[in-house]
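Here the structure comes first, spelled out in structure tokens, and everything after it is commentary.
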Number of protein chains: 2
Amino acid sequence: MFEARLTAGSMLKKITDAMKDLVTEANFDCSSTGISLQAMDSSHVSLVALLLRADGFDHFRCDRNLQLGINLGSMAKVLKCCNNDDIVTLKADDNADAMTFMFENQTQDRISDFELKLMDIDSEHLGIPDTDYKAMISMPAGEFQRICRDLQILGDTVTIAVGKDGVKFSVSGEMGSGNMTIRQNTSVDTKEEEQVTIEMEEPVTLNFALRYLNFFTKATPLSGTVCLQLSKDVPLVVEYAMPDLGHVRYYLAPKIEDEA
Amino acid sequence: MFEARLTAGSMLKKITDAMKDLVTEANFDCSSTGISLQAMDSSHVSLVALLLRADGFDHFRCDRNLQLGINLGSMAKVLKCCNNDDIVTLKADDNADAMTFMFENQTQDRISDFELKLMDIDSEHLGIPDTDYKAMISMPAGEFQRICRDLQILGDTVTIAVGKDGVKFSVSGEMGSGNMTIRQNTSVDTKEEEQVTIEMEEPVTLNFALRYLNFFTKATPLSGTVCLQLSKDVPLVVEYAMPDLGHVRYYLAPKIEDEA
DNA sequence: TGAAAATCGT
DNA sequence: ACGATTTTCA
């Protein structure tokens, strides 16, 4: 059987909200080492990968590997019934046809449990090649969200250019054009949550569809910091790390067109 | 060339928001003394006049007079990308086909710039006659906004009656009728932002379309105080002063009908 | 007074 | 699903 207990129940809500707009249903792959999920969005353009490590849970048991196919929209709805400070326990019997969500409040004088029917979902477990990215940017997740939202005003495609003087996000459209540049700022008086770090082996300039980036930034509540990794001609990686628990990663291939 | 730097970038947002619902596009007339704008609303009923004095900016340079035609909706969208504590710089080359908006945060590790295409707009620079108004009312801007919003529930036309015992805003419609009266209150214990001042040469009673007054009150965030000036048979003036910077003024002709 | 949350409307 | 608005809380 599978049983996983997470004191920070609100994390599970945020994780589900971070994926449900991109992917309607997906397999939660449970093993003794934890839970992982990989799925392409419905238009097969981007990919989301979730990892929750067993030791990140307050209790974790998984006797044999299980593939739990879940409708993420339904899961998000069920998790709406979970208070933010509730303790969540996920359960599934081997060969079960449902996953159980149990919510307990801190004092454990209120317990709810919900069952979601499992579904058979074609798993398209794509091997994601380990890439040596030429540029890695770490920045406040909220700032990245704001950039992607704001630039969408002017156009559909953003050009991300990493150079030695910073990262430039550019867009152009009928109304006009826009550029937002951020620089590394790791001076002593920079608050940790405002830090920008840029590691660059060589300059990289790529185009991406803002529509998908704006799906990715639904994960902003998961983490104060987002990490972008880029290399020429390979998908961008957008990672939201959850300290001591795992991460949500998104992959998006660059647009080929040089001009928008 | 033209270049104007304003530390209080949020003011520019508020100014644009104060006009964009009334006027879709307008010419910013830039000269060495500052920026001015005059435009009638799309139905040619009311008029808005903006004045920003050169010395209200932190830096102002305008080598030759420029008329920059801008779509105010686009401008408002671009200014959404400006954080409230950002520093804004406006720029245009002589004969430019675009105006540049540059936003810097306080620490200047984040810089954005946006270009908006300029447009040719018929300028209908109306001479506004200097009128000796018979009544002038200064009151909290928020209170005026509330009056105009609330009275609209009951009808379309407000009667503003300035008499020696105060100002009465009246409306009547199918549902019923309403009156709101404010009196001068300049006693010692009145906070400045709640002060009401009424200067009256002779009593004035005029009718106005609430629809337009409610457009005007979009300027409420610009100033704590609004100033109304009225005389028989001439347009009402609604002025929001921005200390040390300039003002936004609205003009609205009275309705002729005596009864709504 | 401002910011956050919830709700509404497109 | 998103933005805008409104309402509420701090």
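Predicted model, so just to flag it, every value in this text is computed and none were measured. The chains referred to below are lettered A, B, ... by the order of the sequence lines, with proteins before strands, and numbering in each begins at 1.
- Rounded to an integer number of Å, the gap from B:D17 CG to D:dG3 C1' is 14 Å.
- At the phosphate of D:dG3, neither OP1 nor OP2 sits under 4.0 Å from any side-chain N or O atom of B:K80.
- The distance from atom NZ of B:K218 to atom C1' of D:dA4 is 11 Å, rounded to the nearest whole Å.
- The environment of B:D244 atom CG is sparse: at most 12 non-hydrogen atoms of other residues, nucleotides or ligands sit within 6.0 angstrom.
- Taking atom CZ on B:R149 and atom P on D:dT5, their separation rounds to 13 Å, with Å as the unit.
- A salt bridge does not link B:R110 to A:E194: none of the charged nitrogens lies less than 4.0 Å from a carboxylate oxygen.
- If you measure from atom CG of B:L79 to atom P of D:dG3, you get 17 Å, rounded to the nearest angstrom.
- For the side-chain hydrogen bond (donor to acceptor under 3.5 Å, both in side chains) criterion with A:K255, the lone passing option out of A:T157, A:D156, A:N207, A:T159 is A:T157.
- Straight-line distance from the CG atom of B:D85 to the C1' atom of C:dT1: 16 Å, rounded to whole Å.
- As rounded to whole Å, 14 Å separates atom C1' of C:dA4 from atom CG of A:N84.
- Between the side chains of A:Y240 and A:T217, no donor N or O sits under 3.5 Å from an acceptor N or O.
- The separation between A:F215 atom CZ and D:dA1 atom C1' is 8 Å, rounded to whole Å.
- Between the CE atom of A:M19 and the C1' atom of D:dA1 there is a distance of 18 Å, rounded to whole Å.
- At a threshold of 4.0 angstrom between heavy atoms, the contacts of A:D21 are confined to the sugar-phosphate backbone, with no base atom among them.
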